[in-house]
K.L.:
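My questions all concern the structure below.
Numbers restart at 1 for each chain; the letters A, B, ... are given by sequence-line order, proteins then strands.
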Protein chains: 2
Amino acid sequence: MAEDRRTRRSRRALGAALVELVLERGFTALTVEDITERADVARATFYAHFRDKEDLFARVTDDLLAGLAERLAPAMADSAVGFTGKPVLEMLRHAREERDLYRIVLRGEGDGKPLQMFADACARVTAEEFRARAERNAVEPRIDPELLARVWVGEQLGVLRWWVEQETPSLPAEEVVRMLLDLAMRGRYWASGFEPSA
Amino acid sequence: MAEDRRTRRSRRALGAALVELVLERGFTALTVEDITERADVARATFYAHFRDKEDLFARVTDDLLAGLAERLAPAMADSAVGFTGKPVLEMLRHAREERDLYRIVLRGEGDGKPLQMFADACARVTAEEFRARAERNAVEPRIDPELLARVWVGEQLGVLRWWVEQETPSLPAEEVVRMLLDLAMRGRYWASGFEPSA
DNA sequence: CCAGTTAATGAACAACCTGTCTGTAATTGA
DNA sequence: TCAATTACAGACAGGTTGTTCATTAACTGG
């Protein structure tokens, strides 16, 4: 008695309809009836599964994050020490597969709550990691770990949003990772067209 | 006949009420009546000045951006060549003065539209600047200028949001700018607690 | 394949919010 | 002071929300 097939069908259809419609018209413009109509489901059925629009959206994004976490787990273990960019690459691949959803989330649809919460969560663990590294190497960090973490995730998310919004995929994921690593190692100044003065 | 005093009073009150309430409950949760009640203005008066919630919000954020642009103009001229961080510092100061509004915008309230449009606009001009620099120095950029621009604005916005959300202002603006410049010049790897291997 | 359980359906409901439009009263600028 | 403009309270239809209910259809375990 895993789960009634009808339940699965309804939920899936509603989730898919939501994603389609958010891309077309934006989250706030949507009506519950719009969604049920697109999903070909009775309006009453919607409320049998979800409290409201927001609830449905939250479930969809939660699933996405769970999927991401699952894919990231092995890559994280590898690069716990010494940053190789493997997790970033994995995230880009995930984003390519779930591009529609990534677009929605990164556009800040749904009051931007999913996005901000994701960003904050990333920043928290990243800052902790930076602090741990500094302590491990017994160095007083020149840069506030908190700020450094914000730089890190801000940059990731900015690039990610740009990447998934591209109609014609300009850069392969591997190239993006290479450039990000390059920037992290050597700084941005070199890359912006300046010749180093020293 | 600059403008009727009543008009000014009503508009100001409504704008201020909006900002207060968005901070308290979030944009989407708000009702036009909530706003007019807080502003102590009749509901009909609201519609005499604005089409709807979104319209009011758009005017408020447009004013904010106009104020920012005005303050940034002199700083931009100075650092057109060679990046000194002056515009960033000026933005941080502006953000400190208008903290409530910055919080709202950076949280992506109002469907995140103001935020995303601001980010995209910044990225566009930044990318153009990077391209121009590369051409001026006759170098083939190792990093896609488009990507570099996204890194740049993503990092700015990430840090800015973190900074204005802090309850107790942890770092003075000058320190933030110093760290950002440091990162841009020397890269992030140094800062994250690693000892350089070479 | 059957019987019992569970979900989907369409319809109807009050409550709320929206945006518009009145006639009237109060402020304003000249 | 006077004419013009604005704010006001109230009422209005239209749309959305979230709930309930009786009925029909689909599914699952045996």
K.L.:
Nearest-nucleotide wise, let me know which of B/Lys53 and A/Arg11 is further upstream toward the 5' end of DNA chain C.
P.N.:
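Its nearest nucleotide lies further toward 5', so the answer is A/Arg11.
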K.L.:
Identify, between B/Arg9 and A/Ala42, the residue whose nearest nucleotide on DNA chain C lies closer to the 5' end.
P.N.:
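So the residue in question is A/Ala42.
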K.L.:
Just by modelled atom types, is the B/Ala127 backbone N or O under 3.5 Å from a matching donor or acceptor in the B/Trp152 side chain?
P.N.:
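No; judged by distance alone, with no hydrogens or angles, the pair does not exist.
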K.L.:
Specify the separation, in whole Å, of atom CD of B/Glu54 and atom C1' of C/dC17.
P.N.:
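To the nearest whole Å, that distance equals 13 Å.
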K.L.:
Is the count of non-hydrogen atoms from other residues, nucleotides or ligands lying under 6.0 Å from A/Glu175 atom CD greater than 12?
P.N.:
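Atom CD in A/Glu175 is packed in, count exceeds 12.
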K.L.:
Should the heavy atoms of other residues, nucleotides or ligands under 6.0 Å from CZ of B/Arg12 be counted, would the total exceed 12?
P.N.:
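It does not: B/Arg12 CZ has 12 such atoms or fewer within range.
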K.L.:
Taking only side-chain nitrogens and oxygens of A/His49, does any of them come within less than 4.0 Å of OP1 or OP2 of C/dA8?
P.N.:
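For C/dA8, OP1/OP2 do have a side-chain N/O of A/His49 under 4.0 Å.
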K.L.:
Tell me what A/Thr45 touches on the nucleic acid: a base, only sugar-phosphate, or nothing, going by heavy atoms under 4.0 Å.
P.N.:
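Base, at least one base heavy atom under 4.0 Å.
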K.L.:
Using only modelled atom types and a 3.5 angstrom limit, is any donor from either the side chain of B/Arg43 or the base of D/dG10 paired with an acceptor on the other?
P.N.:
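A donor-acceptor contact between them is absent.
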K.L.:
Examine C/dG19: is either OP1 or OP2 under 4.0 Å from a nitrogen or oxygen in the side chain of B/Tyr47? Give yes or no.
P.N.:
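Checking C/dG19 against B/Tyr47, a side-chain N or O does come within under 4.0 Å of OP1 or OP2.
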K.L.:
Between the base of C/dT27 and the side chain of B/Arg5, is there a donor-acceptor distance below 3.5 Å?
P.N.:
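For B/Arg5, whose side chain was compared with the base of C/dT27, there is no donor-acceptor pair (under 3.5 Å).
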K.L.:
Just how far, in rounded Å, is P of D/dG18 from CD1 of A/Ile35?
P.N.:
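It works out to 11 Å between those atoms.
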K.L.:
Without decimals, in angstroms, what is the distance between B/Glu37 CD and C/dC17 C1'?
P.N.:
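Answer to the nearest Å: 14 Å.
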K.L.:
Nearest-Å distance, CD (A/Glu33) to P (D/dT19)?
P.N.:
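Roughly 17 Å, once rounded to whole Å.
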K.L.:
For D/dT6, take OP1 and OP2 only and decide whether either is under 4.0 Å from a side-chain N or O of B/Ser10.
P.N.:
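So the side chain of B/Ser10 is outside the cut-off, no N or O lying under 4.0 Å from OP1 or OP2 of D/dT6.
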K.L.:
Could you tell me whether A/Glu98 and A/Arg93 make a salt bridge, using a distance below 4.0 angstrom between a side-chain N and a carboxylate O?
P.N.:
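No salt bridge links A/Glu98 with A/Arg93.
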K.L.:
Rounding to an integer number of Å, can you tell me how far B/Arg6 CZ sits from D/dT6 P?
P.N.:
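After rounding, the reported distance stands at 7 Å.
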K.L.:
Please tell me which of B/Asp40 and A/Val32 maps to the more 5' nucleotide of DNA chain D, matching each residue to the nucleotide holding its nearest heavy atom.
P.N.:
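Here B/Asp40 is the residue nearer the 5' end.
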K.L.:
In whole angstrom, what separates A/Phe46's CZ from C/dA7's P?
P.N.:
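In whole Å, C/dA7 P lies 17 Å from A/Phe46 CZ.
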K.L.:
Whole angstrom is fine here: how far is it from CZ in A/Arg12 over to P in C/dA8?
P.N.:
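After rounding, the gap between these two atoms is 14 Å.
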K.L.:
Using modelled atom types only, decide if a donor and an acceptor are shared between the side chain of B/Lys53 and the backbone of B/Val32 within a distance under 3.5 Å.
P.N.:
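Such a contact is absent between B/Lys53 side chain and B/Val32 backbone.
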K.L.:
Would you mind telling me which of C/dA11, D/dT6, C/dC21 lies closest to the side-chain atoms of B/Thr7?
P.N.:
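The closest nucleotide is D/dT6.
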K.L.:
What integer distance in Å separates B/Arg8:CZ from C/dT27:P?
P.N.:
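Rounded to whole Å, this separation is 16 Å.
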